Every structure is written in structure tokens, then in C-alpha cells.
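Because the structure is a prediction, the values reported are computed rather than measured. For the numbers below, each heavy atom of this structure counts, side chains included, while hydrogens, waters and symmetry mates do not. Residue indices begin at 1 and follow the sequence shown.
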Amino acid sequence: MAGPEVHWFEELGIADVPRVGGKNASLGEMVRELASRGVRVPGGFATTADAYRSYVEANGIGPALRDRLEDHRAGRATLRETGAAVRELFLRGEFPAGTARQIRQFYRELSARTGRAGLSVAVRSSATAEDLPDASFAGQQETFLNVVGEDELLEACRRCYASLFTDRAITYRELKRFDHLAVALSVGVQEMDRADLGCSGVMFSIDTESGFPRVAVVSATWGLGETVVQGTVDPDKYLVFKPLLDVAEAPIVERTRGAKLHKLVHDDDAPAGAAATRLVQTSPAERQAWVLGDDDVLRLGRWAVLVEDHYGRPMDLEWAKDGLTGELFLLQARPETVQAGRSGTRFTIHHLRGEGRVLAVGAAVGDAVATGPACVVRTAADIESFRDGSVLVTEMTDPDWVPVMKRAAAIVTDHGGTTSHAAIVSRELGLPAVVGTGDASRTIPEGQELTVSCAAGDRGTVYEGTLPFDVEEVVLGELPESRTAIMVNVASPAAAFRWWRLPADGVGLARMEFVVNNIVEVHPMALVHPERVRDEADRRRIAELTAGFPDGQEYFVQTLALGLAKLAAPYHPRPVIVRLSDFKSNEYAHLVGGAAFEEPEENPMLGFRGASRYYDPRYREGFALECRALRRVRERIGFDNVVVMVPFCRTVGEADRVLATMAEHGLERGRHGLKVYMMCEIPSNVVLAEQFATRFDGFSIGSNDLTQLVLGVDRDAEALRALFDERDEAVTRMISEAIRKAHAAGIPIGICGQGPSNHPDFAEFLVREGIDSISLNPDSFLRTARRIAETERRLAAGPGPGPGSTMDA
């Protein structure tokens, strides 16, 4: 029977936080409440806060501890001196006999339960004030892995007690105004899985950067997961779209392969009392391989949903996969405290004005921009050299760095992902950080003026020099209702979640070519026919990008599908209109391997582009890959709200050929509810709109190309810039006619060009003409949406210009 100072996990629940801390109470809650629903948690037990207090009293620690803390507050001792002295008080202590006896007894019984004498256990700290809804103490106290034997277990418990006073923990409690002496520590002792032979990592049930609540974010690495938390390894990253978990085959919207240069494994040869783990290099095969397959990612995603639903709030979880049995486990669960505490109706947007030379690129933490001189600090021993207000540039951070991080303008690290120590602390402090750059601490000069930008989504960039930027405070509030659907234009998967709070009616234009250019990078035909690529640099780059994939074609299909799925996720189940590739031949030629497949053209803007490529032998096989990617987005990942749009379709006959080609590749209009739209951007599209309307489910006006072709003005010609205006009467008459003909044919028509975003009066014109939807750039969404609603109110109040009218002067 459990004694008063030690309890089995299954005897505990979330109400026991005061007795066993947030971590152990949560483990007990999951074992007791979620095991029956398939969530697996390794068995174990926890010591209580009373056991900690007994230890403090038995060793007379209290008075000396108070004196040391008072010396620190009075400035008579540094943080480092205070922390070291207090920890030594604990490390010299002995357990009361009763407490030691109970810990030994429970360890023996846990070994008996598992059928393994001398069981290897993980020993984790759980402070009684940690993992509260408004504060996270994650990573502040120690965890000891692969602990074997009763004496070793007691020593690990003693060291956990001492870790209640790490420098970071002292600083954090001061910041949160917690009474140091009111916080106690529970120790969790948990059966050690063999993740050192498998893999492990962390998971959030919310996107930690944007606060987007409908994804689970999984970080994964080989071996034990401490390397992910500490930021010593760049992990793989997977995003699961939670609403489709029980609907679609594989609703995974991102797979990003990390470098995974090292892994932490058990050290069975370690002497007694020494650390029983060691860091080793991973093999080339491990670095190229994905840590998790789809089944494991989806199971973790389902567990994230179960835990989040049970607790009723976003959660921060740790997981592991046993390399011997292949079993997945959840090791910890705590509330996510940063995004959960932010307003859902107010957010700040940073706009970088201009760009400089890029010095480093990594994962973005936060969404802000900061500037300052670089202060390169490579090791903790040199922390004192840090200058307040500088950009801290270092290899990685750990709890000892927190006091310095608080004084920094921004953080840049060589190693770590978005769940590393540097990322967690930067997020808590509200600092922009770029983590996992690879070599910033070696390539950025000391004192160099820097601009650290996390304003472009999940890709963070460090620029040379001080660049200007604007800060905009956005308050969503209540938008007036409007008849016109207000949609957004999107392009970059990296920034897909940045605008999820906007009350958009869907996506009016998702640009496929942006995903191909910035993420895929390779010309699709170079992946179908790699033997035709002669350039050695291109061949090497293709080999790098496609490593770990069965072949280049699967690389293209998966990478494009995931990029499009991530663009669609924030707007599901509202329509997301994806435009098929619309590169010009000169733009295709600049893709990796593209020079082997593109012929020079005198005027690419009017050349081999859009629909004409899709059925042509020169590109037909590449188009087949686009179709495969779209089928995967709709049918495997589950975003059947994706609408496919055909650009630059010159003739009715060409429309028939494109639709037939799409059907050959499994994208048949009407099958599985597939809708196919056409860009209305060529005068022939307007003149023959009645005929095009029988072949497509909707039109979307491309005002840029329509203006170019109606006025005969090359939109890229600087000398003719003053003539290029979509508000010209010739263009607006064309647009009015297109709207009238679409409505007469009974199909919807919208606009996705730049015009409504750039010119609010142009948006008013479109509303007067009765357009069904207007798609705006996200940064102009709110102001233009309000103007659209105001125009509708004025029209409802009295007669206005009719169809075919020109714009007001």
C-alpha cells in the first residue's frame, strides 16, 4: 500500500498539483483517464511535496536557503553564486529514513511489475507551481535518464531537489513573483522506454508561432528527446491537421526534415553515479531518413487531440518510441502558456521595408522584427561579455542563459528547432528568434549591425544592417456583413498560418508556382527526365533535395502537395482556389534543371505559358505531376475544398484539351466534387464567356493580365507604368461584361488580381457591378472589407450606376 510520501501514477489526478506538481499530476491524470482511450504512458510513481519538505527540514536547509536568497536580492551575491550555493545545500543532504524506504520499496515493485530486476528508469522533476495555466516551468528542473539501482535512484532524486534552484528557475520565479520557499518539488520515477534505440521528441496541440489552433506540431529526432528540448539537434517537423484526423487518410500538412546530426543514447558502461547517457553522431542514413512514418505521426496527432480535449486547453507534450518494441508513449503533458494567453482579436503585424544581404536563415520564433549589433557568445563561460540590447548570437542556449536572454533584442542560434530551449524562452519573453541557422555564430561578425526578421512566417532571416520596418496593431472586431464574399490571396506556405484570424470566406488565389519556386525548387521535367540535366551543379542540387525519397517524381508530388495543403488548412472547409502553374518560360528556366527544358522566347509574357503547356509534349509529363499533387491534397490529405483553376486559357478548344488532360490524370471535373475554375484574363475569355461558362464551374478575373492585353501595355515595362491601370474605362467595361455573362450563365465570378488590394475605389466599382467575390492581399483585408460593406449599404439605400458603367472619376 502506498505510503503518504509516494504514490503510483494511477492514484493521482490533476487535482493533486499541490502534492505532486503539474508534471506528475498530469501523468497520473493521463494514466487514470486516457489509457482506456488508447493513450499509452509508461508506468511509475511520484514522491510528494511533503517528501521534499521533510528533506529540507531534516537537513536544516531552510534558514541557509533564506540567507542566500536575501544576499542575492540585496546584490551581495550574483545569480550564479546564489544558485550554486543553494544547490550545494541539497546535494549534501540525506533522505529521512522513512522517505528513503518508501522510494526503495516503490522502485522494487515497479521493477516487479515490468518483470525486469534493476529496472532502468527516468527520474523527472515536477515543481508544485509548474505547468500552471499562466506559467510554464518547463525545462527549468533536471531530468535524469537511464537510472538503474536504488542508491542511484536516491541520488537522482537528490539532484532533482537541487535543480529546483537552477539559475533559470530562480530568475523565472522572480519574474513571475512566486515565493521561492512556497514552491516544493515532487520527483516522478517512470519506466524507461528504449527511445535511445528508437526516437522521441515533443508535440504541441497548437501552432506555437501563430497560435493557429487546428494543427498539432510534432518534432522528432533519433534517440532520447532531451536533445530536442535542449536545442542541440535540429529535428524533423510534422504538422497534422486535427479536424481531418477521423475523415481523411493522412491529413499531414508539413514534413520538414531536420539535420539530426547527433543523438542521445544510453551509456551502459558509465560508472556508478555518472551520467548514464552519451551523445553520439548519427549515421548518414539516419540523417537522410524521416524519423516517423505517417502512421506514427497520425497516432501522435490523435493523442494530442485526446489530451487537449480532456484538459480543455492547448497542450505541450513529450513522447517517445521504443526502439525494441516499436511502441509509442506519451511521457509528459503540460499546458501551453504563450499562445493560449494571447488575445484572439488583437495582434501585431511587423512589415519589413526593403531587404539587405542575408547572413543567416533558420526557423522563426515569434512574428516580430528587431535590430541591434551582434554579440557573439559561443559558450556559457563567456556570458558575462554580453552587452544589453544586442542580438545574442550563439550555438545554443540552456537554462543558464536565461538572465542574458532577457537583456537581448533578439536571439540567433546555430542549433535547435521551434521546441528547443532557445525557442521556448524567446517565445515566453516575446523576443524574435531565428534558431537552427547552422553556422551563424561562426559567420556573423562580432558587432555587426543586424536585422532579425520573423515577420515572413515560419522562416526567419537575419539581414546585414539596420533595415526599416513598420509595426501595425490590428484589432479584428466585428466586420459588417456583406453580400460579396471577401477572400484572400496566399502564396507562401511558410506564412500560411500568419493570417488565420482573418474572417475570410476562403482563398481566391493560391499560387502554385510560388510553392514550386521556393520549396520544390526543381523544374518538374528535370525530375521526370533527370538524364537530360547536364549541368553538374544542378544534378548535385537535385540529389540533395530528393534524398530520402523513392524518386524525384515523388519528391515533387509530396513537396507540392504538402505546400498546397498547408495553404488550405487555415481556411478549411471554405473554398481554396489553387491556380495551376503559370510560370513563363524564362521563369521555368531559372528552376534547378530548367535550362535543359526551356527554349528562349522573345516575349515570354505572351508565349508558352498557362494552359498551353499542360497538354503539350514538352511539359505534359510535368503537368501530370501537378495533377498527382492536387489529387493527393484532395483525396489523401483530405482538403476536398480545394478548387482547381486553369490560367491563361486562350481558346475554347484549348479549354477542352486541358480538361481532358486533367481527367486523364485523375482530376475529372465533378468527380469527388471537384470544381474547376478558369482565369478570366484574356479578351477572348470575355468575348466567348458564354462558351467557356459551359466548361467551367466559375471564373476569376485576373486584372493584371486583362489590363495588359486590353490596353496593349507590357505590365513589366517601366516606361509604360503610368499607362497600366485596371481602372481604365476599356478594362472596366470588359470586367462589367464578364460579370454580366457569368451571371447569365449561372456561374460565380470573382477577382483575384492586385487591383482591389491596391485601389479601394476599384473594389467599390466591382461591388457595384455585382461581383460575387473579391480576393484581397491579407494586409489590406480589413480596410478593404469595410469599404466593400459600406459600398453595399450605400447601394441598398438608393439607385447607383448600373452594369457596364465605368468607374467614378
Side-chain angles (χ1 to χ4, degrees), residues 215-220 235-241 244-245 248-260 285-301 457-459 490-494 496 510-530 541-569 572 576 578-581 591-593 621-640 642 644 662 665-667 672:
V215 289
V217 184
V218 181
S219 296
D236 288 352
K237 178 183 176 184
Y238 310 85
L239 263 63
V240 182
F241 189 65
L244 293 179
L245 272 168
E249 182 181 351
I252 300 169
V253 299
E254 181 180 334
R255 290 185 190 83
T256 301
R257 187 168 50 201
K260 308 182 295 287
E286 287 175 315
R287 295 171 191 177
Q288 288 190 356
W290 297 98
V291 173
L292 294 174
D294 285 359
D295 289 346
D296 287 336
V297 173
L298 295 172
R299 177 171 294 181
L300 287 171
D458 57 18
R459 181 179 185 267
V490 296
S492 170
R511 299 177 177 90
M512 179 184 288
E513 60 269 15
F514 190 98
V515 181
V516 174
N517 187 60
N518 291 278
I519 301 178
V520 177
E521 297 186 33
V522 185
H523 194 295
M525 291 298 290
L527 297 169
V528 176
H529 292 290
R541 182 59 180 156
I542 291 171
E544 291 172 6
L545 290 168
T546 59
F549 289 86
D551 54 46
Q553 295 183 51
E554 175 59 22
Y555 163 76
F556 182 93
V557 171
Q558 175 170 296
T559 306
L560 178 57
L562 291 175
L564 296 175
K566 192 174 179 184
L567 290 177
H572 180 271
V576 173
V578 175
R579 186 177 68 189
L580 294 164
S581 64
L591 294 173
V592 177
E621 292 167 295
F623 182 63
L625 300 185
E626 293 185 30
C627 294
R628 279 176 56 189
L630 283 163
R631 281 193 65 187
R632 187 170 297 186
V633 171
R634 288 178 46 84
E635 298 174 20
R636 177 173 166 79
I637 302 176
F639 290 106
D640 57 7
V642 164
V644 178
M662 289 173 60
H665 300 308
L667 286 180
H672 298 306

Next item on the list: Check the pair D458, K566 against salt bridge (Lys or Arg N to Asp or Glu O under 4.0 Å), reporting the backbone distance first and the verdict last.
Entry: CA-CA 12 Å; D458 57 18; K566 192 174 179 184; 2.5 Å; yes
Checklist line | Heavy-atom pair of closest approach, residues R287 and R257 | finding: O-CD, 3.9 Å
Checklist line | Considering all heavy atoms, the nearest A220-Y238 contact | finding: CB-CE1, 4.0 Å
Checklist line | Student check: side-chain heavy atoms of L591 and E521 closer than 4.5 Å | finding: no
Notebook entry, point to check: Do the side chains of I542 and P530 get nearer than 4.5 Å, heavy atoms only?
Noted result: no
Next item on the list: Verify side-chain contact (heavy atoms from CB on, under 4.5 Å) between L527 and T546, making sure each step is shown before the conclusion.
Entry: CA-CA 9 Å; L527 297 169; T546 59; 4.0 Å; yes
Notebook entry, point to check: At their closest point, which heavy atom of V520 faces which heavy atom of Y555, and how far apart are they?
Noted result: O-OH, 2.7 Å
Next item on the list: Considering non-hydrogen atoms only, spot the tightest contact between F556 and P524 and give its length.
Entry: CE1-CB, 3.7 Å
Margin query: With side-chain contact (heavy atoms from CB on, under 4.5 Å) as the criterion, how do V218 and K237 come out once you've worked through the C-alpha distance, each side chain's angles and the decisive distance to 0.1 Å?
Written below: CA-CA 6 Å; V218 181; K237 178 183 176 184; over 6 Å; no
Next item on the list: Given side-chain hydrogen bond (donor to acceptor under 3.5 Å, both in side chains), test H529 with E621 step by step and report yes or no.
Entry: CA-CA 9 Å; H529 292 290; E621 292 167 295; 2.9 Å; yes
Checklist line | Rounded distance (nearest 0.5 Å) linking atom CG of L630 with atom CG of L560 | finding: 6.5 Å
Margin query: Applying side-chain contact (heavy atoms from CB on, under 4.5 Å) to R631 and H672, what does each step give before you reach the verdict?
Written below: CA-CA 10 Å; R631 281 193 65 187; H672 298 306; 5.9 Å; no
Next item on the list: For the residue pair V515 and L567, establish whether any side-chain heavy-atom pair is separated by less than 4.5 Å.
Entry: yes
Margin query: For R632, is there an ion pair with E554 - N to carboxylate O distance below 4.0 angstrom?
Written below: yes
Checklist line | Any donor-acceptor pair under 3.5 Å from D236 side chain to V291 backbone | finding: yes
Item checked: Closest approach of V633 to A561 (non-hydrogen atoms, all atoms of both residues) -> CG2-O, 3.3 Å
Margin query: Suppose we screen for side-chain hydrogen bond (donor to acceptor under 3.5 Å, both in side chains). Which residues come up paired with R636, at least two apart in sequence or across chains?
Written below: E249, D294
Margin query: As a quick check of understanding, evaluate side-chain contact (heavy atoms from CB on, under 4.5 Å) for F639 and L244, giving each step before the final call.
Written below: CA-CA 8 Å; F639 290 106; L244 293 179; 4.0 Å; yes
Next item on the list: Please round to the nearest 0.5 Å and tell me the distance separating atom CG of N517 and atom CE of M512.
Entry: 13.5 Å
Next item on the list: Search all heavy atoms of P251 against all heavy atoms of L298 and return the closest pair with its distance.
Entry: CD-CD2, 3.6 Å
Margin query: Is any side-chain heavy atom of S492 closer than 4.5 Å to one of N518?
Written below: no
Item checked: Main-chain N/O of V642 paired to R634 side chain as donor or acceptor, under 3.5 Å -> yes
Item checked: Side chains of Q553 and R628 in contact at under 4.5 Å (non-hydrogen atoms) -> yes
Checklist line | Point-to-point distance, once rounded to the nearest 0.5 Å, from CG of L562 to CD1 of I252 | finding: 8.0 Å
Notebook entry, point to check: From L239 CG over to T256 OG1, what is the distance, rounded to the nearest 0.5 angstrom?
Noted result: 8.0 Å
Check: Does the D296 side chain pair with the main chain of L292, one donor and one acceptor, at a distance under 3.5 Å?
Finding: no
Margin query: Angle between ring planes, F241 versus H572, binned at 30° and 60°: parallel, tilted or perpendicular?
Written below: perpendicular
Check: Just how far is it from atom CG of L580 to atom CZ of R511, taken to the nearest 0.5 Å?
Finding: 14.5 Å
Notebook entry, point to check: Under 4.0 Å between a Lys/Arg side-chain N and an Asp/Glu carboxylate O for E286 and K260?
Noted result: no
Next item on the list: Look up atom OG in S581 and atom CD in E626, then write down how far apart they are to the nearest 0.5 Å.
Entry: 3.5 Å
